[in-house]
Amino acid sequence: MPAETLTYAALGARLTISPKAARSLAKRLRLPRSLSDDGKALVSLDLAEIRHTPRPPSRREAGNVALAAKIVALQAEIALLEATAAGHRADFERERERADRLMVELRQATAETMAAKEATARLEGEVAALRTVGRAGSINSHGQVARRIGHLTATLVEADRRATK
């Protein structure tokens, strides 16, 4: 068979080995080499004279395959965990918004409660003042005092109802 001139990649493809292994084989067999116009190394050889059978993958290469499989499995697990984390993040954001709304409602209720307590204290003060006036006043003023106390009591009950809503 005539001699052929091949690049390392072409030689590797013909022998079903990597270009790196083809280069190593060319060095080991001391095959004549030259450079092509594009700067690639060319090897001159007669393929019929070369009796090359590729070796089975070494232990190291087998380990690399196992590592590659483990890497793929871990990447799949990472993707799953990222999806789970995104779901938890959405839950967290939703709960934080809910807590903020509840905090606003609590502040409003607290303000209303404080206003009701102030109104209650003011009304109780007025009721006490009217009672003292009613004890010291005449019968006519006693009727006015009773109406005023009834009115203040109704106002107090209404303020209390608003505070409990």
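Hydrogens, waters and symmetry mates play no part in the numbers below; they use all other heavy atoms, side chains included.
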Quick one: which residue pairs count as a side chain to side chain donor-acceptor pair (under 3.5 Å) with a foot in residues 6-33, not counting sequence neighbours?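 Passing the test, one end in residues 6-33: E4-R14.
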Can you list every side chain to side chain donor-acceptor pair (under 3.5 Å) pair that touches residues 93-103, not counting sequence neighbours?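 For residues 93-103, and leaving out neighbouring residues, the side chain to side chain donor-acceptor pair (under 3.5 Å) pairs sorted by first residue read R89-E93, D91-R94, E93-R96, E95-R98.
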Just wondering, are more than 12 heavy atoms of other shown residues or ligands nearer than 6.0 Å to CG in D37?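 At most 12 heavy atoms, drawn from other residues, nucleotides or ligands, come within 6.0 Å of this atom.
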Just so I know, are the side chains of V43 and T5 near enough to count as touching, which here means a heavy-atom distance under 4.5 Å?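 V43 vs T5: side chains apart.
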Hey, are the side chains of L45 and L29 touching, using non-hydrogen atoms and a 4.5 Å cut-off?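 Result no, sub-4.5 Å side-chain heavy-atom pair not found.
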Could you see if L6 belongs to whatever hydrophobic cluster contains L42? Use Ile, Leu, Val, Met, Phe, Trp, Tyr and a side-chain cutoff under 4.5 Å.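 Cluster IDs for L6 and L42 differ.
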First locate atom OG1 of T153, then atom CG of L123, and finally report the distance between them rounded to the nearest 0.5 Å.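 Separation between the atoms: 8.5 Å.
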Distance check, rounded to the nearest 0.5 Å: L80 atom CG versus Q75 atom CD?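 Spacing of CG (L80) from CD (Q75) equals 14.0 Å.
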Provide the closest heavy-atom pair for A22 versus G12 in the form atom of the first, atom of the second, distance.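 The answer is CB-N, 3.7 Å.
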